[in-house]
Every structure is written in structure tokens, then in C-alpha cells.
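Treat the numbers as computed from the prediction; the structure is a model and nothing was measured. Here is the naming used below: chain letters follow the sequence lines, and residue numbers restart at 1 for every chain.
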Amino acid sequence: MYQGTLHEAPAIVSRPDLAAIAEWVRPRAKVLDLGCGDGTLLGYLAETRQASGYGVEISEANVLACVRNRVNVIQSDLESGLSAFESASFDYVILSQTLQAMHHTEEIVREMLRVGREGIVSFPNFGHWRNRLQILLGNMPVSEALPYQWFDTPNIHLCTVNDFETFCAHHGVRILERRVLHMGREVTTLPNLLGSIAVFRIEQRT
Amino acid sequence: MHDPASIGAVTPQTAEFDSPLQVRSGAILDGYQLVYETYGELNAGKTNAVLVCHALSGNHHVAGHYEDNPRSTGWWDNMVGPGKPLDTNRFFVIGVNNLGGCHGSTGPSTVDPRTGKPYGPRFPVVTVEDWVESQARLADRLGIEQFAAIIGGSLGGMQALQWSLDHPERVRHVACIAAAPKLTAQNIAFNDVARQAILTDPDFYGGDFYDKGVLPRRGLRLARMLGHITYLSDDSMAEKFGRVLRSGALSFGFDVEFEIESYLRYQGDKFADHFDANTYLLMTKALDYFDPALEHGGDLSAAFRVARANYLIVAFTSDWRFSPERSQEILKALLDNELDVSYAEFKTVHGHDSFLMTDPHYHELMRAYFHSIEI
């Protein structure tokens, strides 16, 4: 489970994917934030979009931080599913920088699109040229978006922008919007090569 | 003994209520009294009141100690006091002995004014709803229209929930710790064994033992020993007592041999000396009857449709009597109603009793939650 940079850098500005996610959320939406960290995104959405909802976190420290930040938080392991939540009970279910650390990738995507009318997913793009270069030079990539060493990383299911799009095509997931970023800016040319972070807005095909 | 963060010496107060109270069973109490303690100051806007609801064997003495007995520390003194998680520098905290209790509020050991004899078994079976109603009158008396928060563990957590259902406009926050939306059959079974221990004690006299010069000590002792086993966890007992023998060798008899036996008997004896047997019966019944979903066809989410409060639900992994799964049922009902709620689950070894322990993570969360409450 993701327990990384959110805690160290609480400001929304330091997480460009969060800013991109916030732009997509409609006012007064009901949001479920899976792996919500210290609640920065939910707090920001409540303030700027009058959004309401809950965060889900496994880490005791993050649950405490959420309560301190007056963010509703449910302590739970995402790997055990979202059975506490009714189908289509949220406008958005957000999975920011958490997908790559999940064991049951297919299940969590299926669950988030059951519980939410839409899902928003952000993850580090393993296809970014610097990652490719580091592999080419013979090392596992370490970067701002992938700040871990191979031996201490929580990331077990890393993918590229292309991989995720293929995954969606094979799992009945429709991509509604995509934003690929690098250093906080949107990358439109060769995104799978030049972007370090990807954000997708998705829904279940019916 | 001196604890700078303790509220210090406290004095219980009594409130008399003359108007009749009809309880859920249909029985009517012509009047009643509630004994309570308060800690901290009620602010001018009366927006900082917090009610602490007690569990099965608890009472109004939540924090501090009595002037004449420095060892009479309140049962939740680690939670309530100046600078404590429920900070009495900020909140006006009230502890009340539930109706039917045996620590000063009207109960079976109280003299029934109509007969001049203790109520005994004639005291009506009271429910969690009845406690809420009886205590709402105390809130009226104290001029508290709305509580900033109501907090309780175990049976007290159930009462905190019930408050938010019966008087949604009077409760802004609920902290419900180690509770359940209703007891399971297994849980009721434990309660019934405890009741049977009391009811079959020859010194119980059908509940009219007060003028017989005896107490149903054996029954109460057994009831408490059984209860105590279920409040601890297998691991905590193993850690605390293991198979340690008091004398170091087997005696091949039935006297106290293992440390755990000694401990349980001590706890049982201590309890039997100061707790009323009829009250114990009533409190376990109130637990058994608690089921807010009942009048909604078993639909707990429907029961919470009227609720408006912000909730904190807390559970402990080693609590098998009120397990985290039971707290999650409460959580589900709150989520279904889109209520503000946070849920935390602490890894502890102390079983159900964890809610009374000074676990730093648990206390830090309680502190954060109370800090987040605006007054």
C-alpha cells in the first residue's frame, strides 16, 4: 500500500496528479479516496469543490492524520475489497498513486467501478524515458515519481501508459479522459515516453 | 499516586426528577434520581458538553478521585482530565450512573417510596433507550440543549449510538468504542450464564435479599469471573499468567493453583463486595435487548436514517466479545446514510478491555478527534 510522498509533502501543489484529479471532480460530488494518505486531496476537494466523502487507509499514522485534518477516514485494507460500500454510491472513486502497490489489481479496478460511477486512477508511468534509460544502463529506476530502491519499494505492479490502456481495453473499462504529466505540466507529445505520471478518468462499460 | 493530569478531587451530585418516567417495558417509575459528576466548566454558549456513558459495571465516577480516598480513581481517568484525550480544560464532561445502577442512581437497591422497602426484583427492566430518556432530563436540567459529543465504550458505546437516534438534534459527535449494533447469540449466552449464576445463588432470595442480611456473593462472583474471561483475550491471559503456579508445584487438589485462578477469584470477590446483584441482572438485560434495527425489520441502515451526528467508531483486533466486524456493521449503516464517520481499528492484546487501557495510538486518535470538535 502506498504510504509515501503524500505524508511528507502535504501541499496539493507538490502532487500534480492531485491537482489534475481535483480539476475533474464536479462540485458537490461524493468521493471515495482509496489510499487517501493524510487526507490532503479530500480536504482540498471539500474546500474547493464542496465535495464530501471518505478516505480509506490502512496506515495508523495516516488515519490519525486524516482525523486531525477533519477528513472522514475508514481504516481498512484495500486488498480485502470494498464490501462496506454499496454499488454506485459515489460519484468518483479515486485511486491515486496506489494501483501499482496493489496485489489484486484487477479486483480493485472492478470494485472501484462498481462502487463509483466513475473512477480516477493515477500512477507513475514506467515508460518514462528516464526509467527506460536507467534500465538500459542496467539499474532499476529511481526517480521523483518512483522514489524507492528495488529492495524497499511497495510497488509491485508497475505499468506504462500503454499497458494501462491495454488493461482497460481487456477489462471492459472505458477511458473518459487521460492526462499525462511531467514536472506538473501536461505532456501531449509521446506521452508514454515523456510523461512521468499518468491520470485516467474511467468508467465501467455496460 | 499524584498525577498532574488528573482532574483531582471530585464530588458527585444528585438530580431528582419528580415527573413519571414510562420505560420501554410499559412500567412507570413515579420519579427517580440520577447521581452524576462533572469535570471542567460549561462555557457560556453551553456548546462544550460531553456525556460519558458507562459500560456494564461502570458508574458516574469517570475521572479524578474522592477527597477522602486518593485511591478512588475514576474508571476512565486515563481518557478524561486536563490535557487528556478528552480534555477537561476545553470540555465540560459529565458522567452519570445509569438508571437501575447501584452507585447512587435509582435502582433495585433503592427504597421504593410506595412500599418503604427496596425495589429489589420489582424494579422495572430498563433499556438503553430508557437511559437516554432519563438522562435527557438531566441535560435539560443542566441547560444543555446539544452535546458537543457523547462517548462510550461497550454498552456505553451502544448508549452513545442510541442518543444519536433518539435525539439526533441534541448530539453533534458520537465516539462509539468497542461496541456492537446488537449482541450475538453467543454474547447473550454469556450474559445468561452470568444471570443464572446469580439467580440460582441461594442467597439471592428471588432478588429480595436486602433484608435477609446476606448477599448473593457466590453468584455475583461467578458472573464476574465469567465476564472477565470474555473481556480479556487468550493472548493477554497467556502473557499475563501463562500456566504459572502460585506455589510452584501441583497440589493435586481443587484450591487455587494457577495464577489465573487466583486472579479471577480476586476480581470476582472484589466485584461481589460492591456491586448489586439485581443491577447486574438489569444491565445484562439492557445489553441483550439493545437492537436499534429491530423496529426497522432488522435493517440497521434504516434505523440510522434519522441520525445527523458525526461519528467515530473504534474497535480493537483482540476484542472477540465486541469484535471489529461488529463495529463495521455500525460503520456500514452510517456509510449507507452518507453520515460523517471515521473508523479506526487498533492492534491490541487486551481484548474487550482494550478500550480502558492507555494505548498511545488509541489515545492519540481520541485526542485528535476531540480536538477536531468545534465548541
Exercise. From B:Asp319 CG over to B:Glu345 CD, what is the distance, rounded to the nearest 0.5 angstrom?
Worked result: 10.5 Å
Exercise. Between B:Ala315, B:Ser342, B:Pro324, B:Ala344, which shows the greatest number of heavy-atom pairs under 4.5 Å with chain A?
Worked result: B:Ser342
For this session: For the pair A:Lys30 and A:Asp91, find out whether any cationic side-chain nitrogen is under 4.0 Å from an anionic carboxylate oxygen.
Result: no
Exercise. With a 4.5 Å limit on heavy-atom distance, are the side chains of B:Val341 and B:Leu335 in contact?
Worked result: yes
For this session: Under 4.5 Å heavy-atom distance to chain A, tell me which part of B:Gln328 shows up: side chain, backbone, both or neither.
Result: neither
Exercise. Salt bridge check: are A:Arg68 and A:Asp38 linked by an N-O gap of less than 4.0 Å?
Worked result: no
Exercise. Under a 4.5 Å heavy-atom cut-off, does chain A meet the side chain of B:Glu338, its backbone, both or neither?
Worked result: both
Problem set entry | Sub-4.5 Å side-chain heavy-atom contact between A:Glu106 and A:His171 | yes
Seminar exercise, completed: When the 4.5 angstrom heavy-atom criterion is applied to B:Ile313 and chain A, the contacting part is neither
Exercise. Is it the backbone or the side chain of A:Ser83 that comes under 4.5 Å from a heavy atom of chain B, or both, or neither?
Worked result: backbone
